[in-house]
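Here's the structure we're looking at; comments come further down.
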Amino acid sequence: MLDIKLIREKPDFVKAELAKRGVDPADIDGVLAADAVRRKLQANLDEMRADRKRRSKEIGTLPPDQRAAAIAQIRQEEAEESRASRVLANAVEAAAAINSSNPITLAATQLALAEREVERRALVLPNIPRSYVVVGQSEADNRVIRTEGTPLEFTAFQLLPHWELGEQLGIIDFDRGVKLSGTRFYVLMGLGARLERALIAWMLDIKTSEQGYLEVIPPLMVNTETATSTGHLPKNADTMYHDAEDDFWFIPTAEVPLTGLYRDEVLDESKLPVYLTAYTPCFRREKMSAGRDVRGIKRGHQFDKVEMVKLVKPETSDDEFNKMVEDAAQVCRRLKIPFRVVELCTADLSFASAVTYDLEMWAPGCGEWLEVSSISNCTDFQARRAHIRFRGAKAGKPELVHTLNGSGLALPRTVIAILENYQNEDGSVTIPEVLRPYMGGLERIAKT
RNA sequence: GGAGAGGUGGCCGAGUGGUCGAAGGCACCAGAUUGCUAAUCUGGCGUACUGGGUAACCGGUACCGAGGGUUCGAAUCCCUCCCUCUCCGCCA
């Protein structure tokens with residue numbers, strides 16, 4: 001969420017910044033108008049309460065035998081005010097929402113409705129991009145920053161896509177995945193499953209032993225507050241699986257529980273930065289992408305991912321962001337698979353992000369660059385929703401942290417890249433050296 | 001799922017209808033002092049919204065798990081819900 005004070009004080013700035021991401025300036029005006037109403041109701045209510053407080057205090061100081069008369073007089077006054085304040089506050093909605101004729105209760109309900117309206121409008125505004133992010137109209141305007149390794153294109157033999165390799169090797173079973181669950185589900189079998197497990201263990205070892213992340217196994221289902229704090233709700237509700245009975249949301253990424261871990265907390269400055277990593281399955285409805293990437297394991301309703309999350313001090317978030325990009329790149333590099341770093345333009349940023357770099361591995365079999373990681377600096381956008389703050393050593397007000405997240409990496413696409421880059425003419429696949437210790441020393445996956 | 005206990009400030013913990021934003025302690029900050037890697041003393045120290053001021057700051061309101069109710073007045077009484085703990089049941 002954006003700072004409502006920023007919207008109020010610099011509406012033109014906010015409009016210009018969000019216009020870069022395609023937000024209608026009228027949406028900002030809508031927030032402003034709702035906020036103005038809210039403030040007016042707040043002032044009115046404060047006055048009513050101050051009045052009541054003053055009178056009640058007076059009664060408290062009165063000798064008992066004089067109280068009855070004072071109370072009677074207040075009742076009289078309130079009976080008259082009740083009618084007046086109803087008209088004044090135009091509390092039609094409030095009166096309908098609750099069953100009360102108490103003017104203060106009505107005014108408070110009216111204020112609560114106004115607050116909800118401000119929130120409803122503010123919660124759907126995306127983050128303001130970092131000033132240096134390229135303004136673009138679509139993903140076509142994303143910029144490739146650099147490429148590492150040489151993409152394999154021509155070989156002596158016909159390069160196969162992973163869905164053919166996987167099926168031939170008996171390590172990916174598409175038909176049975178569909179039988180078990182439906183379209184966009186598949187089953188990893190034998191060395192396919194083993195390869196995925198090896199990747200998870202290897203990546204987590206790098207994160208925890210070399211890059212300083214704390215390993216976490218979080219819940220895979222979270223409540224509405226948690227999903228709202230990362231920005232996934234309310235706007236992207238239709239892309240998540242939801243259990244209506246108990247109101248659980250299946251996480252679309254471990255970013256949600258990891259970022260939410262310290263929700264509603266004030267951290268000691270000395271604890272920052274916090275580095276977290278987790279391997280989790282991720283669940284996505286993929287409604288938006290129906291018809292896209294239907295072949296293979298590139299885009300399923302469930303996939304595994306190793307995620308990185310950082311909570312940092314604001315002044316360090318740009319550096320921490322660069323470090324996180326490097327942390328993810330390191331994994332690609334060690335697998336010896338060609339990859340490129342792409343800076344997303346304003347049109348392609350995710351809702352909560354102020355700047356995002358994608359890492360894409362080359363997949364020679366299907367002939368495309370696969371997004372295996374997306375690293376974002378969400379600045380204080382999520383922290384404000386989640387109320388994650390820190391207190392400095394020199395006693396000051398708690399300040400919002402900056403949150404960052406990135407994949408380290410997404411597993412199925414990494415598997416695709418391995419299968420397609422390491423395939424041999426006989427249909428076997430060589431196992432990347434770094435993974436062999438995690439696969440019992442095995443060097444090749446071959447047909448059995 | 002059943003029974004009981006409980007949820008108070010960054011943390012611990014008093015407070016059962018009025019002057020309580022809330023004792024006390026810890027932590028933290030500032031100052032004082034001490035022949036010494038710390039103790040002691042003094043003072044300060046919640047958050048949100050909001051009005052005023054360039055500002056340090058001053059004022060108003062709210063917040064004692066959440067939401068309702070009773071009352072002139074609620075941390076305190078009543079109702080509903082959530083969560084934690086203990087015991088029982090069930091179970092990987």
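Chain naming here is simple, since letters A, B, ... match the order of the sequence lines and numbering starts at 1 in each.
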Practice item. With heavy atoms under 4.0 Å as the rule, sort K5(A) into base, sugar-phosphate or nothing. Key: sugar-phosphate
Practice item. Starting at atom CZ of R384(A), determine the distance to atom P of rC49(B), rounded to an integer number of angstrom. Key: 10 Å
Revision key, fill the gap. Its glycosidic angle compared against 90° from 0, rU37(B) adopts the form syn
Using a cut-off of under 3.5 Å, enumerate the N/O to N/O pairs linking the protein to nucleotides 78-84 of chain B.
none

Exercise for review: Return the minimal non-hydrogen interatomic distance between R176(A) and V187(A), and the atom names on each side.
Suggested key: C-CG2, 4.1 Å
**Study point:** Atom-to-atom span, CG of D35(A) to C1' of rA48(B) - whole angstrom
**Key:** 14 Å
Revision key, fill the gap. Taking a pair to mean Watson-Crick or G-U wobble geometry with both distances below 3.5 Å, rA66(B) pairs with rU80(B)
Point to revise | Nearest-Å distance once atom C1' is located in both rU8(B) and rC64(B) | key: 4 Å
Check your understanding: For R299(A), does its backbone N or O pair with a side-chain atom of R184(A) as donor and acceptor, under 3.5 Å?
Key -> yes
Exercise for review: Counting Watson-Crick and G-U wobble pairs only, both distances under 3.5 Å, name the nucleotide matched with rC41(B), or none.
Suggested key: rG31(B)
Exercise for review: Please measure how far the P atom in rU50(B) lies from the corresponding atom in rA30(B), and state the result in whole Å.
Suggested key: 31 Å
**Study point:** R39(A) CZ to rG52(B) C1', straight-line distance once rounded to whole Å
**Key:** 14 Å
Point to revise | Inter-nucleotide C1' distance (rC26(B), rU76(B)), Å rounded | key: 26 Å
Check your understanding: Using purine N1 to pyrimidine N3 plus N6-O4 or O6-N4 for Watson-Crick, or N1-O2 and O6-N3 for G-U wobble, each under 3.5 Å, what pairs with rA22(B)?
Key -> none
Under 3.5 Å, which N/O atoms of the protein pair with N/O atoms of nucleotides 58-65 of chain B?
| residue | atom | partner | partner atom | Å |
| --- | --- | --- | --- | --- |
| rG60(B) | N2 | D46(A) | OD2 | 3.1 |
| rU61(B) | O2' | D46(A) | OD1 | 2.9 |
| rA62(B) | OP2 | K53(A) | NZ | 3.1 |

Review point. Could D318(A) and R130(A) be called an ion pair, given the rule that one side-chain N must be under 4.0 Å from one carboxylate O?
Key: yes
Review point. Does the base of rG10(B) carry an N or O that pairs as donor and acceptor with the side chain of R389(A) under 3.5 Å?
Key: no
Point to revise | Atom pair distance, as rounded to whole Å: NZ in K57(A) and P in rG17(B) | key: 19 Å
Review point. Hey, would you say the Y241(A) and F248(A) ring centroids sit under 6.0 Å apart?
Key: no
Check your understanding: Quick one: does R21(A)'s side chain have a donor or acceptor within less than 3.5 Å of a partner on P126(A)'s backbone?
Key -> no
Practice item. For the residue pair F185(A) and H301(A), categorise the inter-ring angle as parallel (less than 30°), tilted (30 to 60°) or perpendicular (more than 60°). Key: tilted
Review point. In the strands shown, is rU54(B) matched to any nucleotide by a Watson-Crick or G-U wobble pair with both distances under 3.5 Å, and which?
Key: none
Practice item. Pick the C1' atom in rG53(B) and in rG60(B), then give their distance to the nearest Å. Key: 16 Å
Point to revise | Complementary nucleotide for rG4(B) - Watson-Crick or wobble, under 3.5 Å | key: rC85(B)
Practice item. Determine the interatomic distance between C1' on rA62(B) and the same-named atom on rG67(B); round to the nearest Å. Key: 16 Å
Review point. Judged by atom type as modelled, is there a donor-acceptor pair below 3.5 Å linking the side chain of T403(A) to the main-chain atoms of C378(A)?
Key: no
Check your understanding: C1' atom, rA74(B) versus rG21(B): distance in rounded Å?
Key -> 15 Å
Check your understanding: Between atom CG in L111(A) and atom C1' in rG67(B), what is the gap in whole Å?
Key -> 16 Å
Check your understanding: Between E9(A) (CD) and rU50(B) (C1'), how many Å, whole number?
Key -> 13 Å
Practice item. Check whether more than 12 heavy atoms from other residues, nucleotides or ligands sit under 6.0 Å from atom NZ of K15(A), and answer yes or no. Key: yes
Review point. Contact class for R38(A) (heavy atom, under 4.0 Å): base, sugar-phosphate, or nothing?
Key: sugar-phosphate
Exercise for review: Tell which nucleotide pairs with rU71(B), taking only Watson-Crick or G-U wobble pairs whose two distances are both under 3.5 angstrom.
Suggested key: none
Exercise for review: Examine distances only and state if a side-chain atom of R385(A) and a backbone atom of L123(A) form a donor-acceptor pair shorter than 3.5 Å.
Suggested key: yes
Check your understanding: Over how many whole Å does the gap from M1(A) atom CE to rC49(B) atom P extend?
Key -> 10 Å
Review point. Which whole number of Å gives the distance between the C1' atom of rG46(B) and that of rA23(B)?
Key: 16 Å
Review point. With nearest nucleotides of RNA chain B determined for I4(A) and V266(A) from heavy-atom distances, which residue corresponds to the more 5′ nucleotide?
Key: V266(A)
Review point. Would you call the rings of Y357(A) and F321(A) parallel, tilted or perpendicular, where under 30° means parallel and over 60° means perpendicular?
Key: perpendicular
Study note, to complete from the structure: Taken to the nearest whole Å, CD1/I104(A) to P/rG73(B) is 8 Å
